[in-house]
Visitor: 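Just passing along the structure, written as structure tokens.
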Amino acid sequence: MKYSRIIGTGGYLPPTIFTNADWEKRVDTSDAWIVERTGIKSRHIAGPNETASSMATQAAISALEQCNLLAKDIQLIIVATGSPDKIFPATACLVQKNLSVPTCIAFDIQAACSGFIYALSIADQYIKNGAVQNALVIGSELMSRLIDWTDRNTCILFGDGAGAVVLQASNEPGILSTHLYADGKYDDVLYLDNMQLGDHVDVIPSLQKSENFNTPLENMQPFIQMQGQKVFKVAVAKLGELIKDVQKQHQLKPEQIDWLVPHQANIRIIKATADKLGIPMEKVVCTVDTHSNTSSASIPLALDVAVRDGRIQKGQTLFFEAIGGGLTWGSALVRF
Ligand code: ACO
């Protein structure tokens, strides 16, 4: 088996829809501002009993049903998430328990909005080297619990949800290539502190403040911090470089791509990326208007929408790309 192929897709969106009008009631913003700058009109918000693992489980069930695979057939589960239920065990282990998958490999990966691409790339290696036959690759995010609901600069951008794919070993080409990148020098443009580490500042003697020592833990912020304009500029530049790398490796021409399935951060970043790829917006799967930015869940969710509405067909060539905190960025060229 030389390749891994996507044989099933699934998605889960919490039933509660939160519109721009709902944000207008909470912060000083307007539907017109949000739509013009981001393309977002509404987002889904998880209920009090929903978690990254519960949403991931629903998305996985829907992906398994689509390809008629059973939980017992899965040997690898990777969940990409920046909003795990617990620091440990991994969300992937909780999904394994929920689905009753027998002993398998299960772990989370954290690459912020690029998480799904990273997870897909890792699962592809496991399958190509023969270690596993079937893998569940999931992106699941509870962004609504990571944002400051009073900060208009960030709160309007994000939503909750989960998307999943089933990847299977195949003799036919599926994942044609993945490209992964990171540059930690941009760690301050988009980040979320781990407040767990700061919670004990007052009780652990080695962390207590002395006159000439200030622990950095005291400066931790409980919510997503973002330099929006910088993220925007670096995103457009890095995705442009990435596209050149992929085009060079595959001698890729715009007409060879049937669908761009981008990370759904912002319609302006998506348009700039489509432009750099040389493809029209009619060939771009856009869900940012109704899903908003669901971080690592956004690509598998968009993919699932376009598979289920019949736009994406077997045999077509897809291009996935994402950029997120880290900064991390990456792409996957996929024969569906
Ligand atoms: N409603 C109304 N006004 C707002 C809002 C809001 N929700 N948010 C900010 N403003 C105001 C600002 O306070 C500022 O006011 P001022 O001129 O009086 O100071 C004004 O709007 C302009 O603010 P900018 O930050 O310059 O607005 P910009 O055009 O850059 O748009 C945005 C902001 C949408 C965040 C943009 O920078 C962006 O999309 N960046 C990319 C960020 C992103 O996608 N992050 C997601 C995570 S990373 C990823 O997934 C790739």
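Numbering of ligands and ligand atoms starts at 1, following listing order.
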Visitor: Pick, from Arg37, Glu36, Gln264, Lys238, the option with the minimum heavy-atom distance to atom 23 (O) of ligand 1.
Guide: Arg37
Visitor: For the residue pair His44 and His291, categorise the inter-ring angle as parallel (less than 30°), tilted (30 to 60°) or perpendicular (more than 60°).
Guide: perpendicular
Visitor: Testing Val95, Val137, Leu136 for side chain to side chain contact (heavy atoms under 4.5 Å, CB included) with Val79, which one passes?
Guide: Val95
Visitor: Minimum heavy-atom separation for Thr81 and Gln110, please, with both atom names.
Guide: O-CG, 3.6 Å
Visitor: Tell me the closest heavy-atom pair linking Ser83 and Ala52, and the distance in Å.
Guide: O-CB, 3.3 Å
Visitor: What is the closest protein heavy atom to atom 9 (C) of ligand 1, and at what distance does it sit?
Guide: Asn153 OD1, 3.1 Å
Visitor: Give a yes or no answer on whether the side chain of Gln264 reaches the backbone of Pro262 with a donor-acceptor pair at less than 3.5 Å.
Guide: yes
Visitor: Side chain of Gln316, backbone of Phe336: donor and acceptor closer than 3.5 Å?
Guide: no
Visitor: Using a strict cut-off of 4.0 Å, indicate which atoms of ligand 1 neighbour a heavy atom of Thr38.
Guide: 34 (C)
Visitor: Partners of Ser62 by side-chain hydrogen bond (donor to acceptor under 3.5 Å, both in side chains), sequence neighbours excluded?
Guide: Arg308
Visitor: Tell me the closest heavy-atom pair linking Ser53 and Leu94, and the distance in Å.
Guide: CB-CB, 3.8 Å
Visitor: Looking at every heavy atom in both Ala112 and Gly324, which two are closest together, and how far apart are they?
Guide: CB-C, 4.1 Å
Visitor: Quiz question for you: does at least one protein heavy atom lie closer than 4.0 Å to atom 1 (N) of ligand 1?
Guide: yes
Visitor: Between CD1 of Ile122 and CD1 of Ile109, what distance do you get to the nearest 0.5 Å?
Guide: 5.0 Å
Visitor: Which atoms of ligand 1 sit under 4.0 Å from any heavy atom of Leu190?
Guide: 47 (C), 48 (S)
Visitor: Short list, please: which atoms of ligand 1 are under 4.0 Å from a heavy atom of Ile323?
Guide: 49 (C), 50 (O), 51 (C)
Visitor: Work out which heavy atom in Tyr3 is nearest to a heavy atom in Ile127; give both atom names and the distance.
Guide: O-CG2, 3.8 Å
Visitor: Considering both backbone and side-chain atoms of Ile269, is one of its nitrogen or oxygen atoms within less than 3.5 Å of a nitrogen or oxygen in ligand 1?
Guide: no
Visitor: Can you find an N or O of Asn266 that's nearer than 3.5 Å to an N or O of ligand 1?
Guide: yes
Visitor: Looking at ligand 1, is there an atom of it that comes within less than 4.0 Å of some heavy atom belonging to Ile34?
Guide: no
Visitor: Tell me, which protein residue and heavy-atom name are nearest atom 33 (C) of ligand 1, and how many Å apart are they?
Guide: Trp33 CH2, 3.8 Å
Visitor: Which atoms of ligand 1 have any heavy atom of Ala265 under 4.0 Å away?
Guide: 44 (O), 49 (C), 50 (O), 51 (C)
Visitor: Among protein heavy atoms, which lies nearest atom 47 (C) of ligand 1, and at what distance?
Guide: Asn293 ND2, 3.6 Å
Visitor: Are any of the protein's heavy atoms under 4.0 angstrom from atom 13 (O) of ligand 1, yes or no?
Guide: yes
Visitor: Under 4.0 Å from a heavy atom of Val231: which atoms of ligand 1 are those, numbered in the order shown and with their elements?
Guide: 42 (C), 48 (S)
Visitor: Checking contacts now, so for atom 16 (P) of ligand 1, which I'm interested in, is there any protein heavy atom under 4.0 Å?
Guide: no
Visitor: Could you walk me through whether Glu241 and Lys238 pass the salt bridge (Lys or Arg N to Asp or Glu O under 4.0 Å) test, one step at a time?
Guide: CA-CA 5 Å; Glu241 289 168 21; Lys238 293 297 176 196; 3.8 Å; yes
Visitor: Tell me: protein heavy atom nearest atom 40 (N) of ligand 1, and distance?
Guide: Gly228 O, 3.0 Å
Visitor: Any idea how Trp149 and Phe18 line up, ring-wise: parallel (<30°), tilted (30 to 60°), or perpendicular (>60°)?
Guide: perpendicular
Visitor: Atoms of ligand 1 less than 4.0 Å from Ile156 heavy atoms?
Guide: 7 (N)
Visitor: Is the shortest distance from a heavy atom of Ala235 to ligand 1 less than 4.0 Å?
Guide: no
Visitor: Going by heavy atoms, is Asp28 under 4.0 Å from ligand 1?
Guide: yes
Visitor: Out of Met143, Arg268, Glu24, Arg152, who is nearest to atom 11 (C) of ligand 1 when you count heavy atoms only?
Guide: Arg152
Visitor: For atom 43 (C) of ligand 1, which protein heavy atom lies nearest, and how many Å away is it?
Guide: Met226 SD, 4.0 Å
Visitor: Return the option from Lys233, His263, Gln229 holding the heavy atom at the smallest distance from atom 26 (O) of ligand 1.
Guide: Gln229
Visitor: Run the numbers on Ser121 and Asp124 for side chain to side chain donor-acceptor pair (under 3.5 Å), then give the verdict.
Guide: CA-CA 5 Å; Ser121 177; Asp124 179 46; 5.8 Å; no
Visitor: Under 4.0 Å from atom 4 (C) of ligand 1, can you find at least one protein heavy atom?
Guide: yes
Visitor: Does the protein put any heavy atom within less than 4.0 Å of atom 30 (O) of ligand 1?
Guide: yes
Visitor: At their closest point, which heavy atom of Met55 faces which heavy atom of Ala46, and how far apart are they?
Guide: SD-CB, 4.4 Å
Visitor: Can a protein heavy atom be found under 4.0 Å away from atom 49 (C) of ligand 1?
Guide: yes
